[in-house]
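Report on one structure; see the data block that follows.
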2 protein chains.
Amino acid sequence: MYGLRDDFEGVKHWRLTAPKGRIIYDEGEPISTFYRVDQGCVRLQVNREDGRRQILAFLFPGDVFGVESEVVRRAAAEAVTRVELTCFQGSGSGGVCSADAAAGLAHAACEMATALATHLMGLCHTGAERRVRWFLDWAAMRQGCDPVGGRLDLPMSRRDIADFLGLTPETLSRTFGRLEALGEIRVLSARRLVLRPRDGGPGALRAA
Amino acid sequence: MYGLRDDFEGVKHWRLTAPKGRIIYDEGEPISTFYRVDQGCVRLQVNREDGRRQILAFLFPGDVFGVESEVVRRAAAEAVTRVELTCFQGSGSGGVCSADAAAGLAHAACEMATALATHLMGLCHTGAERRVRWFLDWAAMRQGCDPVGGRLDLPMSRRDIADFLGLTPETLSRTFGRLEALGEIRVLSARRLVLRPRDGGPGALRAA
DNA sequence: CGTGGGTTTGACTATACTCAACTACGGTGG
DNA sequence: CCACCGTAGTTGAGTATAGTCAAACCCACG
């Protein structure tokens with residue numbers, strides 16, 4: 001569904017590689033480009049006055065981001081892992097002029113709106129357990145990972161996930177533990193887990 | 001900021017009036033049009049399996065909605081009040097062909113993404129009080145209502161607001177009560193209140 | 001004037017947050 | 001290759017907060 005459209009053929013573009021943690025752009029910066037993720041994972045986030053932050057979206061290869069109709073960035077984009085990006089000149093409703101490019105921008109903006117709406121739906125789940133289940137489903141879907149028995153790689157930190165879900169890292173950790181006790185997941189390491197391991201490896205049913 | 005653009009001049013369009021409560025379109029319906037609110041208030045919502053629903057956005061005059069890149073509607077649109085709409089033929093990346101129209105769609109989709117991101121930021125506020133304060137600020141901003149001493153009209157029901165904020169109506173009601181006790185608002189009736197009434201009318205400081 | 005849905009209030013419970021300490025892992029340098 | 005250190009993650013205890021269930025209230029509507 002992503003990645004194969006190339007509406008931006010005629011648009012001036014260049015490649016960019018950023019190491020893990022690098023800020024692609026920051027809140028308040030003037031908008032001059034938009035981006036496509038080619039490799040790695042990017043997060044969009046807003047840093048709040050009280051030091052907490054909200055992660056609006058995690059972006060994966062094929063995703064287009066940075067398309068905004070404002071003058072300055074309202075959210076920052078940071079590299080979760082080492083990332084490879086394609087940068088395109090112009091953004092929002094100005095800067096590109098061909099009908100194809102405008103249609104591509106519309107498409108990208110629609111995708112972003114859909115992603116945000118999906119995220120919103122996840123957050124409306126009351127109860128940490130349901131939010132985390134939703135997150136796992138979402139992550140599995142994005143990675144094309146089998147929701148039963150599949151291995152899921154989470155490139156982001158626990159704190160990232162917590163800030164994405166509006167939970168504290170403590171609650172998130174406890175919830176992972178509870179889901180593991182229920183046999184719904186098996187945590188291999190902090191960033192690697194197995195979904196619904198049916199009996200599977202040792203320990204899967206121990207807690208039951 | 002809204003309402004004065006008219007990128008859709010060349011697009012086939014017609015007018016539609018809907019009474020309060022009318023479903024403009026429902027989840028799962030094929031997408032063939034997009035809309036602009038001319039008068040009244042519309043809500044976008046997703047109905048959840050457990051009977052609860054999440055309201056994704058409230059839309060006011062000038063707002064464009066229904067621009068999606070999918071095949072079927074992922075959310076329903078319902079009239080909060082009696083509404084007057086302009087309907088436009090086509091949606092998403094297909095159906096309209098002029099560069100102006102495509103740019104207009106991109107703009108509309110960006111606005112929607114921004115609105116959803118803003119909403120997400122509001123929801124990430126932990127604590128009902130902060131969420132409700134954010135909602136009041138947001139509503140005041142959208143209505144051009146003076147945040148100090150201004151009269152705010154809320155066209156939607158308490159349940160609507162609760163579903164928008166991810167709270168229960170009970171918690172919302174109590175929170176309104178607490179804010180009134182703090183002197184931050186004065187509730188005239190369920191759908192009409194005054195922001196930061198400085199001493200103002202009788203009762204404003206009674207609870208302090 | 002009567003009815004009914006929306007709203008408010010109350011009591012109780014479950015849940016997630018806070019603060020704090022402990023542990024495990026990964027990266028670095030000897 | 002191993003030891004060290006720092007960060008990220010986990011665990012624990014106590015508390016605040018929002019949810020749930022239930023009933024009363026009030027306004028808007030017919």
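Lettering follows sequence order; numbering is per chain, from 1.
A:Phe60 does not carry A:Arg142 over the face of its six-membered ring by the limits of under 6.0 Å from the centre and within 45° of the normal.
Protein chain A contacts DNA chain D from D:dG9 to D:dA13, reading 5' to 3' and using non-hydrogen atoms of the protein with a distance under 4.0 Å.
The distance from atom CZ of B:Arg159 to atom P of C:dG6 is 9 Å, rounded to the nearest whole Å. Atom pair B:Arg192:CZ and C:dT7:P shows a separation of 16 Å (rounding to whole Å applied). The interatomic distance linking A:Arg158 (CZ) with C:dG26 (P) rounds to 12 Å, in whole Å. Between A:Glu129 atom CD and C:dT15 atom P there is a gap of 9 Å when expressed in whole angstrom units. A:Arg130 has its CZ atom 11 Å from the P atom of C:dA16, to the nearest Å.
In this structure a side-chain-to-backbone donor-acceptor pair under 3.5 Å is missing from B:Ser173 to B:Pro169. Of the possible polar contacts, one joining the A:His119 side chain to the A:Phe164 backbone as a donor-acceptor pair under 3.5 Å is found. With A:Arg131 contributing its side chain and A:Leu123 its backbone, the two residues share a donor-acceptor pair below 3.5 Å. With B:Glu68 contributing its side chain and B:Ile31 its backbone, the two residues share no donor-acceptor pair below 3.5 Å.
Among the heavy atoms of the strands lying under 4.0 Å from A:Arg191 are primed sugar atoms or P, OP1, OP2 only; no base atom is included.
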Practice prompt. Using the side-chain contact (heavy atoms from CB on, under 4.5 Å) rule, take B:Leu105 and B:Phe34 through it: C-alpha gap first, then chi angles, then the decisive distance, then the call.
Written response: CA-CA 10 Å; B:Leu105 283 176; B:Phe34 63 97; 3.8 Å; yes

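Remark: B:Gly166, B:Leu167, B:Thr168, B:Glu170, B:Thr171, B:Arg174 in residues 165-179 of chain B come within less than 4.0 Å of DNA chain D through at least one heavy atom.
The CG atom of B:Leu165 sits 6.5 Å away from atom CG of B:Leu172, with the distance rounded to the nearest 0.5 Å.
Between A:Val46 and A:Arg74, every side-chain heavy-atom pair lies at or beyond the 4.5 Å cut-off.
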